[in-house]
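Okay, so here's the structure we're looking at.
Hydrogens, waters and symmetry mates play no part in the numbers below; they use all other heavy atoms, side chains included. Numbering starts at 1 and runs along the sequence shown.
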Amino acid sequence: MNSTKVIGKLFTSRQKATDLYATQAEAIQERVFQKLIQTAAPTEWGKKYDYARIRNYTDFQRVPVQTYEEIKGYVDRMRHGEADVLWPGKVRWYAKSSGTTNDKSKFIPVSKDGLHGIHYKGGTDAVALYLRENPESRFFSGKGLILGGSHSPNYNVKDSLVGDLSAILIQNINPLVNFIRVPSKEIALLSEFEEKVERIASTTIHENVTNLSGVPSWMMAVIKRILEKTGAKTLDEVWPNLEVFFHGGVCFTPYREQYKRLIASPRMHYMETYNASEGFFGLQNDLSDPAMLLMLDYDVFYEFIPLDEFDSPNPTIVPLTGIEVGRNYAIVISTSCGLWRYILGDTVKFTQKNPYKFIISGRTKHFINAFGEELMVDNAEKGLARACAETGAQVLEYSAAPVFMDDNAKCRHQWLIEFSVQPDSLEHFRHALDKALQEINSDYEAKRHKDITLQELEIIPARPNLFHDWLKQKGKLGGQHKVPRLSNNRDYIEEMLKLNS
């Protein structure tokens, strides 16, 4: 008997709830909005902006849009134990995320309400939507390997911790889930990533693992170590019942071909999740469509700023019903973790409405616009995919930045790329990538016209493990940390180039 078919019936209600996204999006978001405002009215923030008198979205617009720098003082007081600041009660957990211009790290509050009403709800729905996509699944016949980060004490506040979001989720997970996941909590929460990889590999080899969850780059390290220890050529030789990888944190495009090579089973599936430190926002509901479903009935109210207005003094800000398909937007969120009109930093492009589906197109700060070319991460990923297809290459990691002017007064983009499979010719790859970017991005094409503003891009091959070593040098192995793909300045790439020499 397939136990997954029996257990899968527990997810029917969530499958039906997400079906309503297609017909009741506005009403669902209105209910979320009213719940958040009413709950937060007694807090310091709620009193400051008179939440008790907010009746509708127009009233809410008097609340200013926030960056982390602007709420940092409130968050720091919460971390020291103050209650009822941005959200009712004391918030004891803080997700440590990559830093801002002024700080090495951000500390995102994760309230108990947010933990259950956003993050765990997303995890449940990931399984619910996957089971509907794959009705013959035997998901629950084995265990899930969940790759997490680590946590540490928060100041000297009792029972309060800071750490990677994944560590917070594992620490607070329902004890029953521990029966169907590996590795043990002790190993999962180790702070030393290389030790963690070794112990995960050693303790899970003989388990029946059916599913994986984690960031593709870090999961790759675990897979390769398991193959080294077992001598197996592919992971499905070790875990023959492996069927799905729930991935997020970085774009999967550069890793897809490598995973297909390491996991040969035709039954293997890949499902993208959008689970950030600030909340769980999207899930693939059709494994043949890379766009994700925007999760509307979590404790998240969404607003959007058109990216072409993002840096203007008074940008347009619209709720979900005001978005246009095909336009890039910066996401603004309000959540039950006490984030109010908070600029997330990610950019999205909607592919359809009813239900609302989107792709992550980049970051508000992670793009190259040194010469008016407005090159987004989404453009870069598509361009690399085309260049790889044309030259037989596979890209493991990459980062790119502008060269503003060299000794010959030439400006260009410089790409530092670590290949897992070399192209047939580096020159061929360079020309193919440059051509693809011009076809994908009209601004890039215009700046490349006759080499007047922008010269053809440059590619520098990275030595093996360069990006791993750079992250290690910065103390950022594992967890939520990732390689910066596109930068508008040369700070990151200069550090990497020094390591590459």
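More than 12 heavy atoms of other residues, nucleotides or ligands shown are found within 6.0 angstrom of NZ on Lys353. Dense packing is recorded around OH of Tyr51, with more than 12 heavy atoms of other residues, nucleotides or ligands lying under 6.0 Å away. Within 6.0 Å of NZ in Lys5 there are more than 12 heavy atoms belonging to other residues, nucleotides or ligands. Residue-environment remark: CG (Asn354) exceeds the threshold of 12 foreign heavy atoms within 6.0 Å. Counting non-hydrogen atoms of other residues, nucleotides and ligands closer than 6.0 Å to NZ of Lys233 gives a total of 12 or fewer. Shown here is Gln422, whose CD atom has more than 12 heavy atoms of other residues, nucleotides or ligands within 6.0 Å.
Put simply, the side chain of Gln66 never gets that close to the backbone of Ile71: no donor and acceptor are under 3.5 Å apart. One N or O on the side chain of Tyr94 and one on the backbone of Met78 form a donor-acceptor pair closer than 3.5 Å. In this structure, the side chain of Tyr302 does not engage the main chain of Leu296 through any donor-acceptor pair within 3.5 Å. The closest donor-acceptor contact from the side chain of Asp164 to the backbone of Gly148 lies at 3.5 Å or more, if one exists at all. With Ser361 contributing its side chain and Asp378 its backbone, the two residues share no donor-acceptor pair below 3.5 Å. Between the side chain of Asp76 and the backbone N or O of Gly73 there is no donor-acceptor pair closer than 3.5 Å. Here the side chain of Trp87 pairs no donor or acceptor atom with the backbone of Cys337 at under 3.5 angstrom. Between the side chain of Ser166 and the backbone N or O of Gly149 there is at least one donor-acceptor pair closer than 3.5 Å. In this structure, the side chain of Gln258 engages the main chain of Val395 through a donor-acceptor pair within 3.5 Å. Side-chain N or O atoms of Asn154 include none that pairs as donor or acceptor with a backbone N or O of Val162 at under 3.5 Å.
Expressed to the nearest 0.5 Å, how far CD1 of Ile28 lies from CE of Met295 amounts to 10.0 Å. One finds the OG1 atom of Thr234 at 8.5 Å from the CD1 atom of Ile263 (value rounded to the nearest 0.5 Å). Atom CG of Leu344 is separated from atom CD of Glu278 by 5.0 Å, given to the nearest 0.5 angstrom. Rounded to the nearest 0.5 angstrom, Leu36 CG and Ser334 OG are separated by 7.0 Å. Rounding to the nearest 0.5 angstrom, the gap separating the CD1 atom in Ile305 from the OH atom in Tyr329 is 11.5 Å. Within the model, atoms NE2 of His116 and OG of Ser111 stand 9.5 Å from one another, a figure rounded to the nearest 0.5 Å.
At least one side-chain heavy atom of Asn241 sits less than 4.5 Å from a side-chain heavy atom of Thr210. Side chains of Glu495 and Lys474 form a contact here, defined as non-hydrogen atoms less than 4.5 Å apart. Contact annotation: the side chain of Val348 never approaches that of Tyr356 to less than 4.5 Å [non-hydrogen atoms, C-beta and beyond]. Contact check for Val215 versus Lys482: no side-chain heavy atoms found under the 4.5 Å cut-off. At a threshold of 4.5 Å between non-hydrogen side-chain atoms, the residues Leu115 and Leu169 count as touching. Two residues are said to be in side-chain contact when any heavy atoms from C-beta on lie closer than 4.5 Å; Asp297 and Leu20 fail this criterion.
A salt bridge links Arg485 with Glu397: the distance from a Lys NZ or Arg NE/NH1/NH2 to an Asp or Glu carboxylate oxygen falls below 4.0 Å. Under a 4.0 Å N-O distance rule, the pair Asp159/Lys90 does not qualify as a salt bridge. Comment: Glu136 does not engage Arg267 in a salt bridge, judged by the lack of any side-chain N to carboxylate O separation of less than 4.0 angstrom. A salt bridge links Arg14 to Asp125: one of the charged nitrogens lies within less than 4.0 Å of a carboxylate oxygen. Taking 4.0 Å as the cut-off between side-chain N and carboxylate O, Glu303 and Arg341 count as a salt-bridged pair.
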Working for side chain to side chain contact (heavy atoms under 4.5 Å, CB included), residues Leu294 and Phe350: CA-CA 9 Å; Leu294 188 70; Phe350 283 89; 4.2 Å; yes
Tell me, with the steps shown, if Arg225 and Glu228 meet salt bridge (Lys or Arg N to Asp or Glu O under 4.0 Å). CA-CA 5 Å; Arg225 185 62 187 131; Glu228 287 171 0; 2.9 Å; yes
Salt bridge (Lys or Arg N to Asp or Glu O under 4.0 Å) between Asp113 and Lys35, worked out: CA-CA 12 Å; Asp113 290 319; Lys35 174 186 174 183; over 6 Å; no
Where do Tyr342 and Glu70 land on the side chain to side chain donor-acceptor pair (under 3.5 Å) test, with the steps shown first? CA-CA 10 Å; Tyr342 179 86; Glu70 289 160 325; over 6 Å; no
Working note: Gln171 + Leu189, criterion side chain to side chain contact (heavy atoms under 4.5 Å, CB included); need CA distance, chi angles, decisive distance, verdict. CA-CA 8 Å; Gln171 181 67 43; Leu189 297 178; 3.2 Å; yes
Leu131 and Phe140: side chain to side chain contact (heavy atoms under 4.5 Å, CB included), yes or no, with the steps? CA-CA 10 Å; Leu131 292 179; Phe140 290 107; 4.1 Å; yes
Under the side chain to side chain contact (heavy atoms under 4.5 Å, CB included) criterion, do Phe281 and Ile333 qualify, and how do the steps go? CA-CA 10 Å; Phe281 310 121; Ile333 57 170; 3.8 Å; yes
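With Gln394 as the fixed residue, the side chain to side chain donor-acceptor pair (under 3.5 Å) test singles out one of Arg256, Glu257, Arg261: Arg261. The only option from Phe246, Tyr130, Phe252 that meets the ring-ring contact (aromatic ring centres under 6.0 Å, His included) definition with Tyr270 turns out to be Phe252.
Side chains of Ser336 and Asp299: a donor on one and an acceptor on the other come within 3.5 Å.
By the ring-ring contact (aromatic ring centres under 6.0 Å, His included) test, Phe107 pairs with no residue at all, sequence neighbours left out.
Across every non-hydrogen atom of Arg463 and Leu499, the tightest pair is NE-O, 3.1 Å. A pairwise comparison of heavy atoms in Ser277 and Ile108 identifies O-CG2, 3.8 Å as the closest pair. Listed here is the closest heavy atom pair of Pro109 and Val75: CD-CG2, 4.2 Å. Of all heavy-atom pairs between Lys196 and Ser150, the closest is NZ-N, 4.4 Å. Of all the heavy atoms in Ala462 and Phe467, the pair that sits closest is CB-CE1, 3.9 Å. Closest of all the heavy-atom pairs between His119 and Val110 is CD2-CG1, 4.2 Å.
Classification of the Tyr57-Phe301 ring pair by plane angle, with boundaries at 30° and 60°, yields tilted.
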Can you give me every donor-acceptor pair (side chain of residues 172-179, partner residue at least two apart or in another chain, under 3.5 Å) with its distance?
unit_1	atom_1	unit_2	atom_2	d
Asn172	ND2	Ile168	O	2.9
Asn174	OD1	Leu176	N	2.9
Asn178	OD1	Arg181	NH1	2.9

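If you look at Tyr49 and Trp340, their ring centroids are not closer than 6.0 Å.
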